[in-house]
Every structure is written in C-alpha cells, then in structure tokens.
There are 2 protein chains.
Amino acid sequence: MQELSLAEENYLKTIYHLSSAGQQQVSTNAIAQRLNTKPASVSDMINKLADKGVITHVKYQGVNITEEGKKIALHIIRKHRLWEVFLVNKLKFHWDEVHEIAEQLEHVKSPLLISRLDKFLDYPKYDPHGDPIPDEDGVISLKPRSILSELEIGTTCQLVSMKDTGDVFLNYLDKLGMKIGSKIRILDKIEYDGSMEIEIDHEKKVNISRQAADNLLVITE
Amino acid sequence: MQELSLAEENYLKTIYHLSSAGQQQVSTNAIAQRLNTKPASVSDMINKLADKGVITHVKYQGVNITEEGKKIALHIIRKHRLWEVFLVNKLKFHWDEVHEIAEQLEHVKSPLLISRLDKFLDYPKYDPHGDPIPDEDGVISLKPRSILSELEIGTTCQLVSMKDTGDVFLNYLDKLGMKIGSKIRILDKIEYDGSMEIEIDHEKKVNISRQAADNLLVITE
DNA sequence: CCTGTTTTTTAGATTAACCTAAATTTATTA
DNA sequence: TAATAAATTTAGGTTAATCTAAAAAACAGG
Ligand SMILES: [Mn+2]
Ligand SMILES: [Mn+2]
Ligand SMILES: [Mn+2]
Ligand SMILES: [Mn+2]
C-alpha cells in the first residue's frame with residue numbers, strides 16, 4: 001500500500017466518501033467544496049492521484065476511485081473511527097467534539113499503533129457516530145442490525161444506535177453507562193413484562209424495560 | 001502562544017534540547033545533524049524562527065532560544081512524553097518502540113486533548129524513559145529523587161528510575177507490576193529486615209526486600 | 001441546435017521546506 | 001600571523017500544495 005501525503009490522504013478520503021454517497025463519478029467542484037479548496041487546486045491533485053493509480057480520470061468527466069484507492073481510503077477511515085472511539089470512550093469527549101481531532105490523528109503512520117489501539121478499545125465495530133469501522137483489510141462487515149428486545153437469552157451484541165434519540169432516553173442510557181459500542185449480553189428475559197436483565201461491557205448488570213429494549217439497535221457478533 | 005508548522009516545531013524542539021544539554025548557544029551544524037537536514041536548510045529556518053521571536057540569532061554565531069520559544073518547546077515536549085506514557089502504559093508498547101510514534105503524535109493540535117490525556121493517564125510525572133513531563137505551563141518540577149527504602153510509612157511516591165538496571169532486577173519488578181511511573185504507597189516497614197509492604201498503583205499490595213527498596217528511585221508528591 | 005452559463009482545465013504565481021554549489025566568515029595551526 | 005580548514009550563509013533551484021485569472025469544454029433552455 002502506497003505512502004500518500006497528508007493532503008493526498010484527505011483528498012482520497014473525500015473522493016471515497018463522495019463516491020459511496022452519490023453515484024461513483026465524483027465532480028471536481030464537489031471535491032473542492034468539501035475540502036474548502038478551489039477547483040483549480042483539485043484539478044492538480046486529481047492528476048497526481050490518477051498518476052498514482054488510486055483514482056481514474058477522464059477530462060471534464062469527474063473521477064472514479066480504483067480498488068486500490070478504495071482500500072487506502074478505507075484504511076484511513078478505519079484509523080479515523082478508531083481514534084474517535086478512543087476519544088469518546090477513554091478520554092470522555094462528547095461525540096460531537098471528536099471529528100476535528102480524529103481528522104489529525106488519522107494521519108499518524110505506524111503499522112503497529114492501530115492494531116494495538118483496536119485491541120485496547122476491545123475491537124469496536126462502530127464509531128461514536130454509529131458508523132461502522134472497517135477491518136484491517138478495509139472490509140466493512142455491515143451485519144444487519146437487530147432490535148435488542150428480539151434477541152434470545154445468552155446472546156452477546158453491541159449497541160449501534162437508538163431509535164428514540166430524545167434527551168430523556170439518552171440520559172437514561174447514560175445513567176446506565178450504555179453508549180454506542182457498548183457490549184451487551186442478555187442474561188434473562190422476563191416473560192411477564194418483556195423486561196430484560198443485561199450485562200453492560202462485561203461489568204455492570206442492569207434491568208431494562210421492554211420499552212427501552214425496543215429502542216436499542218444492536219448487531220450480534 | 002503562536003501556531004508553528006510541523007517543521008518549525010521540530011526545529012524548535014531540537015534547538016531546545018541542544019541548548020539545555022550543551023551551553024545555550026546552538027550551532028547550525030548541530031541542528032542539521034540532529035534533524036538530518038543540510039546546514040543551508042537550517043540557516044533558512046533559523047531566519048524564520050528568529051522572525052517569529054522564538055529564537056535569537058547573530059550571524060555566524062549560533063542561536064539562543066527565547067523565553068517564548070522555551071515555553072512552546074516545553075509544550076511540545078509535554079505532549080511527546082504524555083503520548084509515550086500512553087503508548088507504553090495503555091497500548092503495551094515497549095519503551096524503546098514509542099519514540100517515532102510520539103514524534104508524530106506530539107504535533108496534533110487540540111487545546112482539550114492533552115489535558116484529557118493527562119487525566120486519563122493519571123497525571124504522570126515521568127515518561128517511559130524516566131524523563132520528566134512538563135506541566136501545562138511548561139514548568140518541569142524536578143523534585144529531588146529519594147531512595148524508596150528511606151521514606152516513612154504512609155508516604156506516597158512515584159517510581160522514576162532504578163539504580164540496578166540488570167535484567168534480573170527489572171524482570172522481578174515487571175512481575176510485581178512495577179514500572180517507571182507507578183505510584184507507590186508505603187504501608188509498612190519491617191524493622192527486623194528492613195523490608196517494606198507497599199501498594200502499587202492503588203491496587204496491588206506486595207512485600208519487597210530492603211535490597212530491592214534500596215534500588216528504587218522515587219519522587220514524593 | 002445554437003448560444004449563454006456552468007464546469008473544468010490550463011497558465012502563471014506564491015509559499016514552505018528542502019536541496020547543491022559557491023561565497024563568506026570564523027577558527028586553527030604551522 | 002598568514003594561510004588553510006571548518007562553519008555558516010547566500011544564491012539559485014526543486015517539489016508540494018495552494019491561489020487567481022483566463023481559456024476550453026460541456027450543459028441546458030429556448
Ligand atoms: Mn484528515
Ligand atoms: Mn465518525
Ligand atoms: Mn516531531
Ligand atoms: Mn521519552
């Protein structure tokens with residue numbers, strides 16, 4: 001995998017995001033807008049990235065990211081999202097404060113650092129915004145999400161998002177120590193009212209109502 | 001405090017290190033050697049840094065770092081050393097693997113990040129190489145080091161280095177879970193043989209011999 | 001399907017951080 | 001102390017990443 005400069009990495013990541021959002025073909029103007037640069041600067045960079053084989057380009061017709069480019073972009077995205085998890089879960093930042101810092105941290109180069117960080121964070125699958133974290137090979141395994149209340153006793157899963165995003169509910173989850181990325185094991189389900197006894201992050205055991213469990217989206221591992 | 005570029009930060013840090021090692025005046029060649037650049041490049045950068053007021057320079061006579069420059073340099077060094085502590089204590093890197101990574105991480109800009117990291121690491125005073133970590137104001141409080149065996153019962157201190165650096169001793173400490181930066185509280189001293197009962201990092205209680213305690217250098221807080 | 005508007009590229013500059021080679025200053029030592 | 005050697009600076013150039021202004025191509029509405 002090639003070594004790209006910081007600027008090249010930011011361009012490539014932006015092109016990846018734009019191409020997986022809209023339809024492949026990414027326009028010069030769209031890139032310029034995202035990166036707060038001028039279209040002329042983008043044209044320059046497009047040539048450089050095309051020379052390196054991470055995108056293809058037909059004059060006046062936008063760019064496409066190549067397989068190699070996609071792999072590199074996903075590797076940067078992996079680093080970005082892992083650092084975001086670190087900032088929120090370990091350093092206690094709020095999820096809306098971490099993007100800019102991760103934007104810097106994602107460029108740190110070290111073969112070992114990210115795998116150690118991944119382990120330290122206990123191999124999270126989603127970042128604090130609920131976006132999936134690609135694996136070491138750049139693969140995003142977007143397993144279908146389940147509603148917590150529908151899972152069986154004994155199942156282990158990871159919280160990925162909430163249906164109800166109201167303050168009251170989020171505060172309640174906060175009090176329980178539950179956040180996106182938390183590992184949940186279902187210890188028991190009470191037939192009477194549908195409430196559940198669960199274990200959060202291998203440490204805390206709590207009871208949650210049927211109503212709460214209906215609003216928690218998780219993936220099973 | 002000014003915003004310096006990555007290259008400027010590396011130059012300034014190098015100048016600080018060279019000037020606090022030898023006598024103030026730092027030569028162009030010495031800087032070039034440290035940074036693996038050419039003297040001509042150093043001359044360029046010297047002008048830039050002098051313009052910004054972080055060093056002073058008299059042609060053909062080397063540079064001196066100013067008070068402002070010192071403060072900035074110490075701030076970068078603080079970040080470098082805190083990241084080193086993170087890499088060793090949290091990500092389980094060995095102390096001789098972390099320098100290059102910290103060399104990159106030290107340049108991440110965020111007002112909050114470092115104070116949160118400092119807290120997360122429990123306000124370490126020394127990095128994994130035994131070098132002191134400057135505080136937020138860039139002050140290094142190099143308290144005199146004591147020998148553990150000479151402290152009183154009830155004292156809390158932090159391990160900063162070992163007199164005996166032989167493998168056997170270091171392995172023994174490793175087994176006890178004791179490393180540079182560990183907090184040690186003296187629970188009891190046995191008059192009979194001078195051995196001590198201590199608590200390591202607020203969790204583990206162990207007994208160490210007089211001989212071991214004689215070889216542990218600590219600072220009291 | 002022509003023509004005005006938008007998009008994209010090209011041309012030409014600038015700034016930061018380097019370099020080599022040559023000039024200049026300082027240091028050494030015969 | 002004069003000349004040789006070493007250190008430092010200057011001159012001139014390169015590459016990466018940006019910009020403005022102008023040219024060229026594509027698009028779109030009548
Ligand atoms: Mn970035
Ligand atoms: Mn995110
Ligand atoms: Mn550095
Ligand atoms: Mn160190």
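Residue pairs meeting the salt bridge (charged side-chain N to carboxylate O under 4.0 Å, His left out) criterion with at least one member in residues 82-102 of chain A, sequence neighbours excluded, do not occur.
Taking the six-membered ring for Trp and thresholds of 30 and 60 degrees, A:F120 and B:F86 have ring planes more than 60 degrees apart, a perpendicular arrangement.
For A:H129 and A:H99, the ring centers are positioned 6.0 Å apart or more.
Between the side chain of B:Q158 and the backbone N or O of B:P124 there is no donor-acceptor pair closer than 3.5 Å.
Contact between the side-chain N/O atoms of A:N29 and the OP1/OP2 oxygens of C:dT6 is not found at any separation under 4.0 Å. Close to D:dT9, at under 4.0 Å from its OP1 or OP2, lies a side-chain N or O of B:T28. Taking only side-chain nitrogens and oxygens, B:H57 never comes nearer than 4.0 Å to OP1 or OP2 of D:dT8.
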For each nucleotide in nucleotides 18-29 of chain D, reading 5' to 3', give B when a protein heavy atom comes within less than 4.0 Å of its base, S when such contact involves only the sugar-phosphate, and - otherwise. BBBB--BSS---
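Atom CD in B:Q33 sits roughly 15 Å away from atom P in D:dA6 (whole-Å rounding). As a whole-Å value, the separation of B:N47 CG from C:dC18 P is 15 Å. When rounded to the nearest whole Å, the span between CD1 of B:I46 and C1' of D:dT10 equals 14 Å. Look at CG on B:L6: it is 17 Å from P on D:dA16, rounded to the nearest Å.
Ion pair B:K109/B:E3 not flagged as a salt bridge, since none of the NZ, NE, NH1 or NH2 atoms sits closer than 4.0 Å to an Asp/Glu carboxylate oxygen.
B:D118 pairs by the side chain to side chain donor-acceptor pair (under 3.5 Å) definition with B:R78, not counting sequence neighbours.
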